[in-house]
Amino acid sequence: MAAPRDVTTTEGARGTDGGAMTLSRHILESQRQQPRARGELSVLLLQLAFAGKIFSHALRRSALDRRLGPTGDRNVQGEATKKLDVFGNDTIVEAFARSELVAALVSEEMDEPRQIACGKRASYVLCVDPLDGSSNSDVNGVVATIFGVYRPARDVGAAATVAHVRSGRDQVAAGYIMYGPSTSFVYTTGGGVHGFTLDHDIGEFLLTHPSMQCPPHGPYYGANLANVQDWDEGAQEYIRHLTAGRDRANSLRYSGALVADIHRSLLEGGIYLYPADRRHPGGKLRLAYECAPLAFVLEQAGGAASTGTAAVLDTPFESIHQRVPFAAGSRDEVAIFERFIRERR
Ligand code: AHG
Ligand code: MN
Ligand code: MN
């Protein structure tokens, strides 16, 4: 086993004192800028990072530990679940079940919200997609965990419940943990977007992408083009616009994991689309734990996320597994997509 390294010699963005900027330090320094913060959100985010480390470790060993393949069951949305979906969900539940940090936990893999803490101090509703990109999991592809932390308006004295959440604007934090060649932790608490990379040797997330800014436009677009003929005319017309002309500068990138495609747009510019289609008349992606958290991240980085007709963050919550059409990434690209939808309505 390698000897532990001094984190102050690790590469990555540093604090004002020249020391390495770990995720814990970053979260605590942001907390200090909020005089009324009680520290619970900080612990919650660190607990998510802890779950991410466990999952990252398990994913690297999933073929060796026989954790690949389907369970044989289906989730509430009728999708076949993978062993790793269940493991990811269990890891998140385990991280929060006894913590009293969240009032309720909503997950793609659970039919109903899990009520965890009660009383007026139980302020947060945590919504997660434990394993985004399930179809990549058996082929050693990129997968991710998405999280949105909601602090809904509610009656004083009551624990927060999912019913109190009005829209994605009730989020106080959001982000994702992406398990690729390296493990990234990208988060916002409303003061910009910050990206960390897990240094496996020392078990710490270190700041590698401070104050991320999504380029206003960019060359990449990603969508499941097998569905194009089932899209609305406006969305079809938009794809024709992207692929027309001999000197076009656009390149298709579609990974099977929404987070990986959005991460590319965040860094290099572009757009990800999952419009409504015949099989998914209201869209495929889920508002509470996929679209709204990524929308919060993108807006904080200067990007945008739209249903085609409205900002994702303004879409009223109706149910926990509610789906919406989704177009997200660079601000200008999303605006052009919206124009195509508007003109064809
Ligand atoms: P999940 O694995 O959590 O069910 O999400 C999969 C999502 C998204 O990440 C991905 O871009 C899209 O669904 C893929 O859907 P298609 O296979 O229909 O293209
Ligand atoms: Mn997903
Ligand atoms: Mn999932």
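First listed ligand is number 1; within each ligand, the first listed atom is number 1. We number each residue from 1, following the sequence as shown.
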Does a donor on one side chain sit under 3.5 Å from an acceptor on the other, for [X] and [Y]?
{"X": "Asp314", "Y": "Ser167", "result": "no"}
{"X": "Thr22", "Y": "Glu204", "result": "no"}
{"X": "Arg286", "Y": "Gln77", "result": "yes"}
{"X": "His164", "Y": "Tyr150", "result": "no"}
{"X": "Asp73", "Y": "Thr81", "result": "no"}
{"X": "Ser184", "Y": "Thr197", "result": "no"}
{"X": "Tyr179", "Y": "Thr145", "result": "yes"}

So which protein heavy atom does [atom] come closest to, and at what separation?
{"atom": "atom 14 (C) of ligand 1", "result": "Tyr254 OH, 3.3 Å"}
{"atom": "atom 5 (O) of ligand 1", "result": "Asp132 OD1, 3.2 Å"}
{"atom": "atom 7 (C) of ligand 1", "result": "Leu285 CD2, 3.7 Å"}
{"atom": "atom 10 (C) of ligand 1", "result": "Gly256 O, 3.5 Å"}
{"atom": "atom 11 (O) of ligand 1", "result": "Tyr272 OH, 2.7 Å"}
{"atom": "atom 18 (O) of ligand 1", "result": "Tyr274 OH, 2.5 Å"}

Within reach of ligand 1, part of [X] (heavy-atom separation under 4.0 Å):
{"X": "Arg286", "result": "side chain"}
{"X": "Ser134", "result": "both"}
{"X": "Leu258", "result": "both"}

Ligand 1 N/O within reach of [X] N/O, cut-off under 3.5 Å:
{"X": "Lys284", "value": "yes"}
{"X": "Leu131", "value": "yes"}
{"X": "Glu108", "value": "yes"}

Item checked: Heteroatom test (N, O or S) for Asp129 near the Mn ion (ligand 3), limit 2.8 Å ->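 Given the 2.8 Å cut-off, Asp129 counts as a ligand of the Mn ion (ligand 3).
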Notebook entry, point to check: Counting backbone and side-chain atoms alike, does Gly133 have an N/O/S atom under 2.8 Å from the Mn ion (ligand 3)?
Noted result: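 Gly133 does not place any N, O or S atom closer than 2.8 Å to the Mn ion (ligand 3).
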Which ligand 1 atoms are under 4.0 Å away from a heavy-atom of [X]?
{"X": "Asp129", "answer": "3 (O)"}
{"X": "Glu290", "answer": "3 (O), 5 (O)"}
{"X": "Asn224", "answer": "16 (P), 18 (O), 19 (O)"}

Notebook entry, point to check: Can Arg151 be said to sit on top of Tyr124's aromatic six-ring, NZ or CZ under 6.0 Å from centre and within 45° of the ring axis?
Noted result: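 Judged by the rule, Arg151 and Tyr124 form a cation-pi pair.
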Note to self: For the residue pair Arg67 and Phe87, would you count it as a cation-pi contact if the rule is NZ or CZ under 6.0 angstrom from the ring centre and within 45 degrees of the ring axis?
What the structure shows: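 Pair Arg67/Phe87 counts as cation-pi.
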Next item on the list: Verify the neighbour count for atom CZ of Arg60: are there more than 12 heavy atoms of other residues, nucleotides or ligands below 6.0 Å?
Entry: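 Yes, enclosed.
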Check: Below 6.0 angstrom between ring centroids: does that apply to Phe147 and Phe185?
Finding: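 Between Phe147 and Phe185, the centre distance is under 6.0 Å.
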Check: Does His26 have its ring centroid less than 6.0 Å away from the ring centroid of His194?
Finding: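 Ring centres of His194 and His26 closer than 6.0 Å.
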Next item on the list: Look at the aromatic rings of Tyr238 and Phe340 and report parallel, tilted or perpendicular, splitting at 30° and 60°.
Entry: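 Rings of Tyr238 and Phe340: perpendicular, over 60°.
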Check: Under a heavy-atom criterion of less than 4.0 Å, does Ala257 contact ligand 1?
Finding: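 A heavy atom of Ala257 does come that close to ligand 1.
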Next item on the list: Restricting to N/O/S, name the atom of Glu290 that gets closest to the Mn ion (ligand 2).
Entry: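 Looking at Glu290, the N, O or S atom with the least distance to the Mn ion (ligand 2) is OE2.
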Checklist line | Proximal heteroatom of Asp132 relative to the Mn ion (ligand 2) (N/O/S) | finding: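 Considering only N, O and S atoms, Asp132 comes nearest to the Mn ion (ligand 2) through OD1.
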Next item on the list: Starting from the Mn ion (ligand 3), look over the N/O/S atoms of Glu108 and name the nearest one.
Entry: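 Glu108's closest N, O or S atom to the Mn ion (ligand 3) is named OE1.
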